[in-house]
Amino acid sequence: MKVIISDCDHADIQIEQDIFNRNNILYELQQNQTEDDLIQNCSEATVIINQYAPFTEKVLSQLPNLKLIVRYGVGVNNIDLTAATKYGVQVCNVPDYGTHEVADHALALMLALTRKITKMNRLVKDGVWDYQESIPIYRHSEQIVGIVGVGRIGSVFAKKVHALGCKVIAYDISEQQKRHDSSLSFIEFVEFEELIKQADIISIHCPSDNAMNLFNGSVFEKMKPTSYLINVSRGGIVDEDALYEALASYKIAGAALDVSVKEPINSNSPLLSLEQFICTPHMAWYSEQAAQELKRKVAEEAVRYVKNEKLHYPVNKI
């Protein structure tokens, strides 16, 4: 069996290479970008490790030897899961490599917003030394944090903000299942409409499935004018045009995005002109340790398939 890395923008693939060599597995690194690239170059692959290249039905239908795709990361938006299942291709991801990193990043964005860190840093560098420019700031132990999606990352984030003394409320479609987790007993589960009305800070940790434009103009109308929105999950869950209007008209106090509909975010996006908007370049997952863990886990999943062992991270059912 041959393993092909369809595309990868990492500095090197030393970790993957070491794992494949130890297991006597043939591999090849390519840098495919388009459907035609994949069709032309990956016909010999039984297993493909993928980062960004698009595995559409057109591609999958023309790779008859392909049995497994393992994606660098959690999301599989660039893979047509229905078509993969149709053509007998198992798709796997790595959902647990950067859990604390993403939760930490959401917490950092929350604190940067609520403590006005970026604004005050800019003012000090411009020669303005006046805490009153930060008014108003509110005590975290008297704030309500609303979490949309209490999976691996959302639950870790919940514990971190609970440690600050915040009241934590949450909306999750698997609410009943979460209620039985004693480590999350401090969370009050509410309906989505109640969460957006109550929360002083809302942090999004749900998948994009059935959640595109979940945060839209009508939702911003119902949020507190002092509230903040954070998205470290998936671009498109927040309607960016509606977000700009809500921020520019002070319907909400601020927002921070690590993900956007188009990445990189358009340099002409009006959001970037707003003081109360923070944007980071889809980096919440990153630490040196998380990056190494991701590389190790994609290679190990490929090895498991080649050795006919049970896969750890199947996404679709074959």
Side-chain angles (χ1 to χ4, degrees), residues 1-56 59-60 62-81 84 87-102 104-105 152-153 258-259 263-264 281-316 318:
M1 293 186 184
K2 185 172 184 178
V3 175
I4 289 179
I5 300 175
S6 65
D7 59 305
C8 180
D9 65 4
H10 304 168
D12 61 66
I13 59 164
Q14 189 64 52
I15 292 173
E16 298 94 319
Q17 178 178 300
D18 291 346
I19 291 170
F20 293 144
N21 287 342
R22 282 200 304 269
N23 289 277
N24 297 312
I25 292 174
L26 294 173
Y27 68 93
E28 179 183 344
L29 171 62
Q30 300 177 359
Q31 294 296 355
N32 300 290
Q33 296 183 1
T34 67
E35 293 174 307
D36 290 340
D37 290 342
L38 292 169
I39 293 166
Q40 180 177 341
N41 300 326
C42 297
S43 60
E44 295 181 5
T46 306
V47 177
I48 290 179
I49 297 176
N50 161 257
Q51 190 171 10
Y52 303 121
F55 280 86
T56 61
V59 173
L60 291 161
Q62 296 188 59
L63 297 179
N65 295 318
L66 182 60
K67 300 301 179 185
L68 174 70
I69 300 172
V70 187
R71 185 160 187 284
Y72 283 109
V74 181
V76 290
N77 309 59
N78 61 317
I79 302 170
D80 185 331
L81 291 179
Y87 293 106
V89 178
Q90 178 69 68
V91 178
C92 296
N93 64 352
V94 185
D96 57 357
Y97 71 100
T99 300
H100 279 276
E101 284 79 1
V102 178
D104 287 348
H105 199 79
R152 286 183 181 89
I153 296 168
D258 184 57
V259 291
E263 295 185 358
H282 203 147
M283 60 174 286
W285 65 273
Y286 171 72
S287 71
E288 283 296 296
Q289 293 82 0
Q292 293 166 14
E293 183 179 349
L294 173 61
K295 293 164 77 64
R296 174 176 59 81
K297 286 185 171 179
V298 293
E300 289 175 344
E301 191 79 327
V303 169
R304 278 189 281 271
Y305 181 84
V306 172
K307 291 188 169 184
N308 200 28
E309 296 174 357
K310 184 178 180 181
L311 297 170
H312 287 190
Y313 307 113
V315 175
N316 59 333
I318 298 297

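Computed from heavy atoms alone, side chains included, the values below leave out hydrogens, waters and symmetry copies.
- Residues S6 and F55 form a side-chain contact, since some pair of their non-hydrogen atoms from C-beta on lies under 4.5 Å apart.
- Closest approach of A284 and D258 over heavy atoms only: N-OD2, 3.0 Å.
- In terms of modelled atom types and a separation under 3.5 Å, the side chain of N65 and the main chain of E44 share no donor-acceptor contact.
- No side-chain heavy atom of Q90 sits less than 4.5 Å from a side-chain heavy atom of K67.
- Side-chain polar atoms of E101 and S287 form a donor-acceptor pair below 3.5 angstrom.
- Atom CG of L29 sits about 9.0 Å away from atom CD of E16, to the nearest 0.5 Å.
- Under the 3.5 Å distance criterion, the side-chain polar atoms of R71 are matched with a main-chain donor or acceptor of Q51.
- In this structure, L311 CG and E300 CD are separated by 12.5 Å, a value rounded to the nearest 0.5 Å.
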Can you check side-chain contact (heavy atoms from CB on, under 4.5 Å) on I69 and I79, steps first, answer last?
CA-CA 9 Å; I69 300 172; I79 302 170; 3.7 Å; yes
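- In terms of heavy atoms, G73 sits closest to N93 at O-CB, 3.3 Å.
- Of all heavy-atom pairs between V94 and V74, the closest is O-CG2, 3.5 Å.
- Closest heavy-atom contact between P54 and L38: O-CD1, 3.1 Å.
- Using a 4.5 Å heavy-atom cutoff, the side chains of I5 and Q30 are not in contact.
- Rounded to the nearest 0.5 angstrom, Q40 CD and E35 CD are separated by 13.5 Å.
- Inter-residue side-chain proximity for C8 and I13 is flagged as met; some heavy-atom pair is nearer than 4.5 Å.
- For E301 (side chain) and H312 (main-chain N/O), a donor-acceptor pair under 3.5 Å exists by modelled atom type.
- Remark: the N32 side chain and the D7 side chain contain no N/O donor-acceptor pair separated by less than 3.5 Å.
- Side-chain polar atoms of T34 and D37 form a donor-acceptor pair below 3.5 angstrom.
- In this structure, E28 contributes its side chain and V3 its backbone to no donor-acceptor pair below 3.5 Å.
- For H282, the NE2 atom sits in a packed shell: over 12 heavy atoms of surrounding residues, nucleotides or ligands are nearer than 6.0 Å.
- N23 places no side-chain N or O within donor-acceptor distance of the main-chain N or O of I25, the cut-off being under 3.5 Å.
- By the 4.5 Å heavy-atom criterion applied to side chains, L66 and T46 are not counted as neighbours.
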Go through it in stages, so that I can follow the logic: the residues are I4 and V47, the test is side-chain contact (heavy atoms from CB on, under 4.5 Å), and I'd like the CA-CA distance, side-chain angles, deciding distance and then a yes or no.
CA-CA 6 Å; I4 289 179; V47 177; over 6 Å; no
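- When atom types are taken as modelled, the side chain of N21 and the backbone of N24 share no donor-acceptor pair closer than 3.5 angstrom.
- Using a 4.5 Å heavy-atom cutoff, the side chains of N50 and N78 are in contact.
- Not a single salt bridge (Lys or Arg N to Asp or Glu O under 4.0 Å) links E309 to another residue, sequence neighbours left out.
- Annotation: side chain of H105 is not in contact with side chain of W285 (no heavy-atom distance under 4.5 Å).
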Kindly determine whether R296 and Y97 satisfy side-chain contact (heavy atoms from CB on, under 4.5 Å), including the steps that lead there.
CA-CA 10 Å; R296 174 176 59 81; Y97 71 100; over 6 Å; no
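- When all heavy atoms are compared, the tightest approach of I318 to V89 is CD1-O, 3.5 Å.
- The minimum heavy-atom distance between R304 and Y313, with the atom names listed, is NH2-CE1, 4.3 Å.
- Side-chain atoms of V102 and R152, non-hydrogen and from C-beta on, never get closer than 4.5 Å to each other.
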Dump the intermediate steps for side-chain hydrogen bond (donor to acceptor under 3.5 Å, both in side chains) on T56 and D80, then the final yes or no.
CA-CA 5 Å; T56 61; D80 185 331; over 6 Å; no
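- Judged as a ring pair (Phe, Tyr, Trp, His ring centres under 6.0 Å), the pairs with a partner in residues 6-25 (not counting sequence neighbours) are, in order, H10-Y72, F20-Y27.
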